[in-house]
> 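One structure, pasted below without further comment.
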Amino acid sequence: PFLLALLDEPGFRAGGVTTAYIAEHPELLTARSSGDRATRLVRYLADVTVNKPYGDAPTELDPAEKLPPLPEGPLPEGSRDLLLALGPRAFAERLRGQRALAVTDTTFRDAHQSLLATRVRTADLLRAAPHVARTLPGLLSIEAWGGATYDVALRFLGESPWERLAALREAAPNTCLQMLLRGRNTVGYTPYPDAVATAFVTEAAKTGVDIFRIFDALNDVERMRPAIDAVLHTHALAEGTLCYTGDLSSPGERLYTLDYYLRLAEELVEAGVHVLCIKDMAGLLRAPAARTLVGALRERFDLPVHLHTHDTAGGQLATYLAAVDAGVDAVDGASSPLAGTTSQPPLQAIVAHTDHTGRATGLDLDAVLALEPYWEAVRRLYAPFEMGLPAPTGRVYRHEIPGGQLSNLRQQAVALGLGDRFEEIERLYEAADRILGRLVKVTPSSKVVGDLALHLVAAAADPAEFAADPGRFDLPDSVVGFLAGELGDPPGGWPEPFRENALRGRSFTPARAELSEEEGKALAGPDVRDTLDRLLFPAPAKAYAESRASYGDLSVLPTGAFLYGLRPGHEVAFDLEPGVRVLTALEAVGELDEAGCRQVICTVNGQMRTLTVRDRS
Ligand code: 3PY
Ligand code: ZN
């Protein structure tokens with residue numbers, strides 16, 4: 001490949017290669033030439049063209065055509081300018097003191113995590129970011145990172161999550177970028193040593209995160225503390241999170257009561273967080289409960305309260321308005337085309353319903369509306385990842401499945417041939433939750449409950465029989481780990497004797513509490529991002545490294561081509577780097593040969609190329 005790279009180099013063609021030429025161009029020894037980089041990306045496109053992993057393109061529309069013109073003039077000041085000027089403590093005080101309802105735009109993270117399997121690529125986010133920065137400078141933040149985005153970028157998109165963050169930082173330099181951090185589990189599904197959480201937070205703040213929303217899947221503040229402490233050493237704001245479950249207004253509620261949340265909030269305040277977040281991941285917080293909880297938190301503590309919800313049952317705008325009356329300082333919304341059902345309530349409605357009141361957001365409704373056609377086109381482009389909740393469902397009040405997981409489980413049910421019997425999975429999820437002790441259900445505790453539910457379905461097990469004699473059944477690893485205490489202790493205590501019976505005779509290897517000396521050194525070294533990728537997600541990090549080695553930086557490809565490949569007569573343009581444009585078009589795909597391959601003939605910047613691709617379709 002090195003020789004091929006040289007052959008493509010203009011200096012070689014023009015004057016012949018000498019050792020002096022190489023000496024003058026040391027980058028040739030490390031970087032590949034643009035011709036070689038183009039060929040490798042076209043090789044990826046040829047593969048997708050033959051194998052069509054997601055079928056044919058659902059639309060020919062390029063979302064970029066739907067973007068309004070970018071306003072000119074100086075970039076308006078935004079929340080990040082204020083945070084950098086005031087520091088996090090004074091910024092939080094100001095947030096608490098202001099009348100205007102502050103708003104976080106979740107379109108860049110939670111919305112597509114909850115509707116499109118987290119698949120929206122950096123390029124599509126990056127195109128919208130400068131518009132948000134220029135036309136909605138009154139936003140509190142853009143939630144753009146963390147949650148499942150890290151894993152999915154490495155595993156499915158061939159993208160570096162760190163490069164996404166850095167690029168978004170550059171595209172919206174005036175507005176706070178926010179991330180979701182799962183406490184000791186960082187952006188993964190099991191706990192990591194504290195040194196990992198610390199290094200992760202430090203690097204994320206350095207790269208671009210200004211607001212860290214930190215939660216623990218069982219609401220255990222001790223397990224959020226390393227991350228909180230790490231944030232307190234940066235410029236960024238720490239949001240300490242109460243994950244909400246149940247219905248605190250119900251007279252039958254004994255566990256997740258107002259007192260329970262107030263005690264939790266007190267611990268978070270003592271841990272030094274700047275903001276209190278109510279994270280209603282399943283959309284269970286009803287309007288009267290919101291009024292009570294927000295009112296009590298505001299009365300008891302001086303910190304601003306930030307409310308997050310999912311609109312699964314369809315009633316969460318009412319919850320927001322009740323919270324607004326009770327003084328909530330900030331809420332989360334997503335642009336309408338990526339809002340509703342398992343995603344957040346629409347930003348557009350939040351702005352419209354508060355306009356001309358004392359709590360108006362200060363966001364320009366027309367500016368929010370101007371981005372609707374763009375996000376609508378993006379959603380159409382990602383149609384294969386639509387996760388199938390066609391309408392609101394009130395059953396969430398019973399099964400309490402978080403928004404992101406509900407859409408995911410529906411897909412898993414379809415894969416198991418149970419697509420038409422999803423109510424059964426919901427019923428077993430509810431039963432599994434009761435068996436495990438009525439948990440706060442959010443990544444990764446929600447995964448434990450979901451794994452058990454699917455396991456009961458697959459084993460055709462009756463939940464009562466399973467609960468009475470779990471030793472007779474296989475158990476998913478996540479369930480064994482949970483019962484062994486891997487995620488901490490559940491708020492309602494352990495379900496005994498179920499737990500003892502379930503663990504008897506089973507072994508469990510706990511996650512490591514410490515790093516090896518070598519890993520510790522690597523975290524302190526210059527390649528901290530690669531080290532974090534490897535420590536957090538060994539297999540996806542390897543998949544990413546292989547993809548990068550084979551194809552280069554896939555994030556430069558337009559999404560239509562990345563997902564659906566090339567079509568005859570349609571030229572695809574992409575930039576290897578600013579100013580280095582590649583134009584490619586499909587000429588023909590050959591017959592299947594004896595080796596199971598096809599020839600793909602295409603033009604690359606006017607030159608004909610023939611690539612051999614294995615047909616795995
Ligand atoms: C995540 O942890 O990714 C979540 O969105 C939880 O709600
Ligand atoms: Zn959420």
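All values below were derived from every heavy atom in this structure, side-chain atoms included, with hydrogens, water molecules and symmetry-related copies excluded. Counting starts at 1 for both ligands and their atoms, following the listed order.
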> Would a 4.5 Å heavy-atom cut-off, applied to side chains only, mark Asp220 and Asp489 as touching?
no
> In terms of atom number and element, which parts of ligand 1 are under 4.0 angstrom from non-hydrogen atoms of Phe215?
2 (O)
> Which of these passes side chain to side chain donor-acceptor pair (under 3.5 Å) with Asn219: Tyr261, Tyr260, Tyr244, Tyr256?
Tyr260
> Within less than 4.0 angstrom of ligand 1, does His310 place any heavy atom?
no
> Are Phe385 and Tyr54, when compared by the centres of their aromatic rings, separated by less than 6.0 Å?
yes
> Checking side-chain contact (heavy atoms from CB on, under 4.5 Å) for the pair Ser478/Tyr189: CA distance, chi angles, key distance, verdict?
CA-CA 9 Å; Ser478 64; Tyr189 303 93; over 6 Å; no
> So is Arg109 in contact with ligand 1, going by heavy-atom distances below 4.0 Å?
yes
> Any non-hydrogen side-chain atom of Phe91 less than 4.5 Å from a side-chain atom of Leu140?
yes
> Can you find a heavy atom in the side chain of Glu376 that is under 4.5 Å from one in the side chain of Arg379?
no
> Gly147 heavy atoms, cut-off 4.0 Å: which ligand 1 atoms fall inside?
3 (O)
> What residue among Arg529, Arg169, Arg164 forms side chain to side chain donor-acceptor pair (under 3.5 Å) with Thr207?
Arg529
> Please could you name the atoms of ligand 1 that Gln113 approaches to less than 4.0 Å, counting only its heavy atoms?
1 (C), 3 (O), 4 (C), 5 (O)
> Atom 4 (C) of ligand 1: which protein heavy atom is closest, and how many Å away?
Leu180 CD2, 3.3 Å
> Identify the protein heavy atom lying closest to atom 6 (C) of ligand 1, giving its residue, its atom name and the separation to 0.1 Å.
Lys279 NZ, 3.3 Å
> Suppose you place the vertex at the Zn ion (ligand 2); what is the angle out to His308 NE2 and His310 NE2, to 10°?
100°
> Can you name the atoms of ligand 1, numbered from 1 with element, that are less than 4.0 Å from a heavy atom of Ala148?
3 (O)
> Any idea which atoms of ligand 1 are less than 4.0 Å away from a heavy-atom of Val442?
6 (C), 7 (O)
> Among all the protein's non-hydrogen atoms, which is closest to atom 2 (O) of ligand 1, and how far away is it?
Arg182 NE, 2.8 Å
> Given that the side chain starts at C-beta and the backbone is N, CA, C, O, which of these parts of Arg213 lies under 4.0 Å from ligand 1, counting heavy atoms, or is it both or neither?
neither
> Restricting to N/O/S, name the atom of Asp110 that gets closest to the Zn ion (ligand 2).
OD2
> In a check of side chain to side chain donor-acceptor pair (under 3.5 Å) between Glu426 and each of Arg398, Arg410, Arg395, which one passes?
Arg395
> Decide whether the shortest distance between a heavy atom of Gly404 and an atom of ligand 1 is less than 4.0 Å.
no
> Need the ligand 1 atom indices (1-based, order shown) with element for anything under 4.0 Å from a heavy-atom of Thr443.
1 (C), 2 (O), 6 (C)
> Between Phe200 and Trp145, does the ring centroid distance fall short of 6.0 Å?
yes
> Does the side chain of Glu486 reach to within under 4.5 Å of the side chain of Pro191, using non-hydrogen atoms?
yes
